[in-house]
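So that the names make sense, note that chain A is the first sequence line, chain B the second, and so on, each numbered from 1.
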Amino acid sequence: MLLERIANILELKGENTFRINSYRKAARVIGDLTDDIEEIAKARKLTDIPGIGEGTAEKIIEYINTGKMAKYEEIKKGISEETVALMQIPGLGPKTVAMLSRELGIVGLADLENALREGKLKGLFGIGEKKIENIIKGIELFKTSQQRISIGMAYPIVKRIITGLQHNSQIADIQAAGSLRRMKETVGDIDILVSGANGADIVKAFVAMPGVTQVLASGDTKGSVRVEECVQVDLRVVSQDEFGSALQYFTGSKEHNIHLREIAKKKGFKISEYGIFQGDKKVGGTFEDEIYKMLGMDWIPPELRENRGEIEAAQEGKLPKLIEFSDIKGDLHNHSNWSDGIPTFEEMAAYAMKMDYHYLAVSDHSKSLHVANGLKEEELLEEIEEIDRLNKTFKRFTLLKSTEVDIKADGALDFSDKLLEKLDVVVASIHSGFKQGKDKITGRMVAAIHNPYVNIIAHPTGRLISKRAGYEVDMDKVIEACLETGTALEINCYYDRLDLNDINCRKAKEAGVVVAISTDAHHLDQMWMMELGVGIARRGCWKPKMY
DNA sequence: GCCGTTTTCGGCCCGACTGTTTTCAGTCG
């Protein structure tokens with residue numbers, strides 16, 4: 001995003017911080033849009049977007065018309081991308097990078113490492129022994145730092161740690177915070193907050209837990225470790241009367257907190273991780289909701305805390321009552337051992353009943369998907385018979401006859417309508433021809449949506465978090481077709497898919513399209529991932545009953 | 001650069017930590 005790049009370069013140039021933040025904010029709100037930016041520009045409504053003023057609107061229009069931004073072309077002169085990237089090294093900020101570039105002509109990481117080796121940093125203004133040591137450590141950290149991981153990987157780690165610690169008698173409250181609590185699809189590190197009297201003891205117990213591979217810090221109020229899964233987990237200990245405000249603070253997002261503090265300030269309050277204050281007097285902090293209440297708004301569910309309008313909605317008492325895991329009555333996309341799954345029908349049904357579900361779809365792959373042991377027509381017919389037989393043995397529970405039918409590269413479905421008609425739920429999805437152009441892929445999907453027997457389009461974009469970008473699909477056209485036919489789009493809960501993502505999910509909701517939250521489980525112990533999908537749906541503002 | 005119950009100028013979130021320029025700037029979350 002060009003606006004973000006402008007912000008980075010301006011930062012390096014030591015421009016006014018507030019101007020830099022304006023560019024960052026503009027870049028972010030545009031990234032969060034569910035509507036097409038060009039459409040908004042055409043309707044001359046860019047400045048209606050909070051954070052976009054006259055100046056930025058002009059630049060966006062210029063970019064749409066010419067593919068360039070004069071401002072960017074102007075400021076990037078003489079500054080290399082490599083130099084801008086140096087700011088990502090922990091401990092190196094814009095001031096230091098600019099100084100190193102000015103004094104030593106350092107352009108990129110290679111230059112910096114050479115200069116360090118040759119001892120050139122010594123004696124520079126503001127650089128001492130310690131600073132040099134920290135830059136070296138920072139480079140190391142930068143090189144080995146992990147990408148953000150899927151929330152589906154982080155979630156079980158948190159559950160394990162919380163389960164392991166909650167019996168500790170010193171701990172009063174324990175709760176995950178950060179982007180994990182907000183159910184963001186990826187998390188950088190994991191933040192866990194506890195309240196308790198003896199911080200040092202709690203931290204000691206934390207760093208000694210099984211699964212810890214490296215202790216990064218262990219103090220009286222904070223412990224930091226790396227666990228087997230190569231993720232950093234931070235534990236912070238606060239007193240009980242600070243737990244609410246600390247939870248609010250550490251949950252974020254940063255943008256949400258900044259906006260909240262602006263409002264607090266205007267109302268004569270000050271909020272920090274230690275509490276909410278009126279003058280010097282602490283007026284709250286034990287419970288998170290009291291902070292929101294004192295600021296004259298409803299408590300905001302963590303999943304919505306991204307500064308995308310949730311604060312205004314809370315002020316007006318217009319926050320939706322979001323869907324919860326307990327609202328889920330079944331799962332419409334699962335695989336059995338008849339194709340590439342592990343469990344038998346009986347095991348699936350028993351597990352679903354234990355989860356308090358009323359129904360569960362058996363949606364094994366179709367014949368073309370050989371790698372996943374796709375079912376042939378006669379096998380699907382057998383499967384139908386077997387499920388019918390089993391259903392007679394259940395009370396208040398139904399296994400639904402289903403398939404995950406392939407939308408083949410030529411756009412045809414892998415099973416005939418005559419066969420699909422015999423099923424309770426038809427899930428259709430793309431597993432081939434990923435590299436086709438946008439029109440072709442969209443055409444295939446729209447054709448499937450128009451098939452009268454297709455109920456759900458699974459993993460609509462095909463992306464795999466941190467692994468595969470997904471095929472090119474025109475989501476607006478897909479949504480339009482779904483709206484026309486009543487076909488549902490899936491929120492695939494599988495941890496590395498989470499597809500639809502939160503933005504597309506909200507887009508679907510705003511359009512009035514139905515979504516199905518399904519796990520695509522191939523194993524019983526993947527069925528918990530429904531919780532992830534519910535999180536995405538909550539971020540997409542879905543209520544329990546839309547219709 | 002944005003924005004307005006402080007409304008067209010003058011603000012713009014809060015606190016901790018670190019290292020060094022010894023009174024505070026830079027960086028981070």
Side-chain angles (χ1 to χ4, degrees), chain A residues 3-4 6-7 9-12 14-30 46-60 69 71-72 75 86-100 121-135 137-138 141-142 145 177-179 182 187-191 193 217 219-222 224 232 234 236 238 242 245-246 248-277 285 291 295-296 307 311-312 315:
Chain A
L3 292 169
E4 181 68 36
I6 291 178
I9 295 174
L10 291 180
E11 193 169 34
L12 199 55
E15 263 273 7
N16 178 301
T17 352
F18 302 111
R19 178 172 295 163
I20 295 164
N21 283 339
S22 290
Y23 278 108
R24 286 239 157 87
K25 188 176 178 187
R28 213 185 66 88
V29 294
I30 291 168
L46 284 172
T47 51
D48 288 359
I49 304 169
I52 310 282
E54 290 293 335
T56 311
E58 267 175 39
K59 291 184 184 74
I60 294 168
M69 248 181 230
K71 173 87 179 176
Y72 175 65
I75 61 166
L86 285 178
M87 291 194 292
Q88 287 170 24
I89 295 170
L92 276 190
K95 303 288 176 194
T96 316
V97 172
M99 192 271 291
L100 291 174
L121 268 67
K122 258 179 216 157
L124 285 177
F125 187 75
I127 304 272
E129 289 285 323
K130 274 281 188 184
K131 186 83 184 173
I132 292 174
E133 216 172 280
N134 283 340
I135 293 174
K137 271 189 205 158
L141 205 66
F142 173 72
S145 75
S179 45
R182 302 201 311 278
V187 300
D189 55 15
I190 296 171
D191 291 307
L193 187 69
D220 292 345
T221 59
K222 185 183 163 182
S224 190
Q232 183 174 329
D234 293 340
R236 289 164 204 274
V238 298
E242 290 167 349
S245 46
Q248 196 289 318
Y249 173 80
F250 286 114
T251 298
S253 66
K254 191 177 165 192
E255 290 79 9
H256 172 91
N257 284 357
I258 289 174
H259 192 172
L260 208 63
R261 282 179 216 158
E262 281 166 0
I263 290 170
K265 199 171 175 183
K266 278 181 193 148
K267 288 182 181 277
F269 292 100
K270 187 187 71 173
I271 47 179
S272 72
E273 56 265 52
Y274 302 108
I276 176 160
F277 301 86
I291 293 164
L295 297 178
N307 198 27
I311 291 178
E312 290 74 13
Q315 285 175 317

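- Using atom P as the reference point in both dG4(B) and dT8(B), the two lie 12 Å apart (nearest Å).
- Both distances falling under 3.5 Å, in either a Watson-Crick or a G-U wobble arrangement, occur for no nucleotide opposite dT8(B).
- Scored by the salt bridge (Lys or Arg N to Asp or Glu O under 4.0 Å) test, E242(A) finds no partners at all (sequence neighbours excluded).
- Atom name C1', nucleotides dC9(B) and dG15(B): the rounded distance is 29 Å, in whole Å.
- A residue-by-residue look at F277(A) and L124(A) shows that F277(A) has its nearest nucleotide of DNA chain B further toward the 5' end.
- L260(A) comes within 4.0 angstrom of no nucleic acid atom, judged by non-hydrogen atoms across all strands.
- Atom CD1 of I127(A) is separated from atom P of dT18(B) by 18 Å (rounded to the nearest Å).
- Here the side chain of R236(A) pairs no donor or acceptor atom with the backbone of D191(A) at under 3.5 angstrom.
- Judged as a salt bridge (Lys or Arg N to Asp or Glu O under 4.0 Å), and not counting sequence neighbours, the contacts of R24(A) are E4(A), E11(A).
- Taking only side-chain nitrogens and oxygens, N134(A) never comes nearer than 4.0 Å to OP1 or OP2 of dT18(B).
- When the salt bridge (Lys or Arg N to Asp or Glu O under 4.0 Å) test is applied to E255(A), the partners found at least two apart in sequence or on another chain are R28(A).
- The interatomic distance linking L46(A) (CG) with dG1(B) (P) rounds to 16 Å, in whole Å.
- Atom OH in Y249(A) sits about 12 Å away from atom P in dC14(B), given to the nearest Å.
- Atom pair N21(A):CG and dG1(B):P shows a separation of 13 Å (rounding to whole Å applied).
- Between the base of dG15(B) and the side chain of Y274(A) there is no donor-acceptor pair shorter than 3.5 Å.
- Side-chain atoms of T96(A) do not come within 3.5 Å of backbone N or O of L92(A) as any donor-acceptor pair.
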*Assign a letter to each nucleotide of nucleotides 22-27 of chain B from its 5' end: B, base within under 4.0 Å of a protein heavy atom; S, sugar-phosphate only; -, no contact.*
----SS

*side chain to side chain donor-acceptor pair (under 3.5 Å) assessment of H256(A) paired with N307(A)*: CA-CA 5 Å; H256(A) 172 91; N307(A) 198 27; 5.9 Å; no

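- Judged as a side-chain contact (heavy atoms from CB on, under 4.5 Å), and not counting sequence neighbours, the contacts of A57(A) are L46(A), T47(A), I52(A).
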Could you run down the sub-3.5 Å N/O contacts of the protein with nucleotides 2-5 of chain B?
unit_1, atom_1, unit_2, atom_2, d
dC2(B), OP1, G53(A), N, 2.5
dC2(B), OP1, G53(A), O, 3.3
dC2(B), OP1, T56(A), N, 3.1
dC2(B), OP1, T56(A), OG1, 2.6
dC2(B), OP2, G55(A), N, 3.3
dC3(B), OP1, G51(A), N, 2.7

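- If you measure from atom NZ of K130(A) to atom C1' of dG19(B), you get 9 Å, rounded to the nearest angstrom.
- Using a 4.0 Å heavy-atom criterion, one finds that K59(A) contacts the sugar-phosphate atoms exclusively.
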